[in-house]
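Encoded as structure tokens, the structure appears first; notes follow it.
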Amino acid sequence: MSVRAVVKGVGHYLPDRIVENSEFEESLETSDEWIRSRSGIERRHLAAEGQTTSEMATAASQAALKDAGLEPDDLDAIIVATSTADLTFPSAATMVQHALGMTKGYAFDVQAVCAGFVFALSNANALIVSGQAKRVLVIGAETFSRIMDWTDRGTCVLFGDGAGALILEAENGDGTNADRGILSVDLNSDGSQRDILYVDGGVSTQSTGHLRMQGKEVFRHAVEKLAKTADTALEKIGLTGDDVDWIVPHQANLRIITKTAQKMGVPMERVVVTVQDHGNTSAASIPLALSVGKARGQISPGDLVVTEAIGGGLAWGAVVLRW
Ligand code: UT7
């Protein structure tokens, strides 16, 4: 028998304002056709003035709690994956804890940029498997619109804002791949690649900064590393792409998503794709896609789901779980 971290609920929040690709044609030398064909993105949601990451994270969490039929004080811990917290400190997670009215437990943030949700899931799994927590709320939430250089057509058309949340609960399993819950994790980072994707500001350099990206280079790493990390996570438990019901990838670029699925031998009918409607929401993209995928009726209990993501750091990884 082994303890598994099993999904009990999922939810998401997207800000009201939707920006279509064509809106960028007014201020930048770009086109709907270019954005659509190079990235698969058609529109994105952007936070309202003054709307914060923790507010969106709280809304997504309330939806996940409702889905799970749980109250905030049923939780032991909250982990928020974000690179765009409201304040330098306290963490977005403690702000969510307070906003939910949770009076016990503990909360902290994880920062692994676009791979943040995969890293947060791995942390939550470790807390549950080691017996330190029974129920953990794992959130990905971002306001990347705040770190865009709106004059840089190579980045600002690609990102969006939003939040997604998942509740994991300890359950006894048989220790086999038939168990529900998180079955395998693979995490990686390579700090030598800092300059291809970073923000040129921060607390100790005394500015907020803007996201800077060498798109082609990041693309090359993504295509090479994502299928590998997903296959490694599957191999660790003796599975392959053939066993996968759904890939729920980080939603950065439809061409990356397609190439990764191809390399894994998984047809696109078994990939949850939301990038056309959300753009790249960094750490929020996987929980958003899990929530939307469930709402669409794509992901059902018992399905084998693989999530994979890569982002600044570089940091990348994959989680295999049975829904
Ligand atoms: O979530 C974190 C991970 N991030 C990613 O995974 C993003 C990875 N990279 C990508 O998704 C793609 O590389 C992009 C979508 C960013 C770019 O696609 P690309 O096919 O690699 O294009 P490129 O950067 O090589 O640019 C091709 C051309 C360039 O013009 P020249 O030099 O060939 O004359 C760019 O200046 O397209 C130009 N360009 C644009 N044109 C119209 C760049 N951005 C735009 C734009 N509109 N918005």
Side-chain angles (χ1 to χ4, degrees), residues 19-44 81-84 111-120 140-145 147-162 164 188-190 193-200 210-230 247-261 263 271 273-276 278-289 307-318:
V19 175
E20 300 287 338
N21 287 347
S22 53
E23 279 194 44
F24 289 106
E25 293 172 0
E26 294 158 23
S27 55
L28 293 168
E29 215 172 294
T30 190
S31 63
D32 173 46
E33 202 284 319
W34 190 94
I35 301 169
R36 212 179 268 254
S37 63
R38 303 316 294 163
S39 72
I41 297 165
E42 297 172 22
R43 60 193 64 82
R44 73 286 294 138
T82 188
S83 307
T84 49
Q111 212 272 48
V113 202
C114 296
F117 191 75
V118 167
F119 279 65
E142 302 278 17
T143 41
F144 260 47
S145 59
I147 51 167
M148 285 299 111
D149 173 352
W150 293 103
T151 65
D152 176 12
R153 67 177 183 172
T155 54
C156 73
V157 301
L158 302 173
F159 291 87
D161 300 331
N188 311 269
S189 61
D190 175 3
Q193 298 300 323
R194 187 196 82 160
D195 290 349
I196 65 171
L197 180 51
Y198 68 104
V199 172
D200 59 2
H210 295 110
L211 182 145
R212 305 294 175 201
M213 179 167 74
Q214 294 172 31
K216 236 185 188 31
E217 271 302 292
V218 177
F219 190 97
R220 194 175 63 75
H221 282 280
V223 167
E224 175 202 314
K225 292 183 165 61
L226 286 173
K228 191 149 176 259
T229 186
I247 302 178
V248 183
H250 171 47
Q251 311 281 324
N253 185 314
L254 184 59
R255 291 186 294 141
I256 296 174
I257 293 171
T258 308
K259 279 181 199 275
T260 302
K263 282 192 168 194
V271 182
V273 181
T274 56
V275 69
Q276 68 281 5
H278 302 164
N280 182 345
T281 58
S282 188
S285 92
I286 288 175
L288 265 165
T307 64
E308 32 88 347
I310 187 166
L314 294 175
W316 68 101

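One-based numbering, in listed order, for ligands and for the atoms of each. Here, residue 1 is the first one in the sequence, and each next residue gets the next number.
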*Taking heavy atoms and a distance under 4.0 Å, where does W34 meet ligand 1: side chain, backbone, both or neither?*
side chain
*Determine whether the side chain, the backbone, both or neither of L28 has a heavy atom under 4.0 Å from any heavy atom of ligand 1.*
neither
_Going by side-chain hydrogen bond (donor to acceptor under 3.5 Å, both in side chains), name the residues that satisfy it together with T281, two or more places apart in sequence or in a different chain._
none
*Check whether any side-chain heavy atom of S282 lies under 4.5 Å from a side-chain heavy atom of V113, and answer yes or no.*
yes
*List the closest protein heavy-atom neighbour of atom 20 (O) of ligand 1: residue, atom name, distance to the nearest 0.1 Å.*
R38 NH2, 2.7 Å
*Is P249 close to V271 at the side-chain level, that is, under 4.5 Å between some pair of heavy atoms?*
yes
*What protein heavy atom sits nearest atom 5 (C) of ligand 1, and how far off is it?*
V218 CG1, 3.6 Å
*asked:* Is the shortest side-chain heavy-atom distance between V19 and F24 below 4.5 Å?
replied: yes
*Answer with side chain, backbone, both or neither: which part of T30 has a heavy atom less than 4.0 angstrom from an atom of ligand 1?*
both
*Hey, is atom 45 (C) of ligand 1 under 4.0 Å from any protein heavy atom?*
yes
_Residues that E33 engages under side-chain contact (heavy atoms from CB on, under 4.5 Å), provided they are two or more places apart_ = S31, S37
*Tell me, do I41 and N21 make a side-chain contact under 4.5 Å, heavy atoms counted?*
yes
*asked:* Polar contacts were defined as any N/O atom of the residue lying under 3.5 Å from an N/O atom of the ligand; does this apply to S39 and ligand 1?
replied: no
*Give the numbers and elements of all ligand 1 atoms closer than 4.0 Å to a heavy atom of G154.*
44 (N)
*Got a protein heavy atom sitting under 4.0 Å from atom 37 (O) of ligand 1?*
yes
*asked:* Starting from atom 16 (C) of ligand 1, what is the nearest protein heavy atom, named by residue and atom, and what distance separates them?
replied: L158 CD1, 3.6 Å
*What residue and atom, counting heavy atoms only, is the protein's closest point to atom 30 (O) of ligand 1, and at what distance?*
R153 NH2, 4.4 Å
*asked:* Quiz question for you: does at least one protein heavy atom lie closer than 4.0 Å to atom 33 (O) of ligand 1?
replied: no
*asked:* Can you report which non-hydrogen protein atom sits closest to atom 25 (O) of ligand 1, along with the distance?
replied: K216 NZ, 2.8 Å
*Taking all heavy atoms of G116 and all of A283, pick out the closest pair and write down the distance.*
CA-CB, 4.3 Å
*Rounded to the nearest 0.5 Å, how far does NZ of K259 lie from CG of N253?*
9.5 Å
*asked:* Is the contact between A252 and ligand 1 made by the side chain, the backbone, both, or neither, using heavy atoms and a 4.0 Å cut-off?
replied: side chain
*Indicate yes or no: does D195 engage R212 in a salt bridge with an N to O separation below 4.0 Å.*
no
*Under a 4.5 Å cut-off applied to non-hydrogen side-chain atoms, are H278 and Q251 in contact?*
no
*Please work out which of G215, A222, S31 has its closest non-hydrogen atom nearest to atom 8 (C) of ligand 1.*
G215
*Is there any N or O on I256 that sits under 3.5 Å from an N or O of ligand 1?*
no
*Which ligand 1 atoms are under 4.0 Å away from a heavy-atom of N280?*
1 (O), 2 (C)
_Nearest-neighbour protein heavy atom for atom 11 (O) of ligand 1, which is reported as residue plus atom name and distance_ = N253 ND2, 2.6 Å
_R255, portion touching ligand 1 at heavy-atom distance under 4.0 Å_ = side chain
*So how far is it from F144 CZ to L158 CG, rounded to the nearest 0.5 Å?*
11.5 Å
*Atom OG1 in T30, atom CZ in R38: separation rounded to 0.5 Å?*
12.0 Å
*Would you mind listing which atoms of ligand 1 come within a distance below 4.0 Å of any non-hydrogen atom of V157?*
48 (N)
*Evaluate the criterion side chain to side chain contact (heavy atoms under 4.5 Å, CB included) for residue pair E308 and T260; output intermediate values, then yes/no.*
CA-CA 10 Å; E308 32 88 347; T260 302; 3.4 Å; yes
*What do we get for T155 next to ligand 1 when only non-hydrogen atoms under 4.0 Å count, side chain, backbone, both or neither?*
neither
*asked:* With heavy-atom distances below 4.0 Å as the criterion, list the atoms of ligand 1 near E29.
replied: 42 (C), 47 (N)
*Scan the protein's non-hydrogen atoms and note whether one is under 4.0 Å from atom 1 (O) of ligand 1.*
yes
*Check whether any side-chain heavy atom of L28 lies under 4.5 Å from a side-chain heavy atom of D152, and answer yes or no.*
no
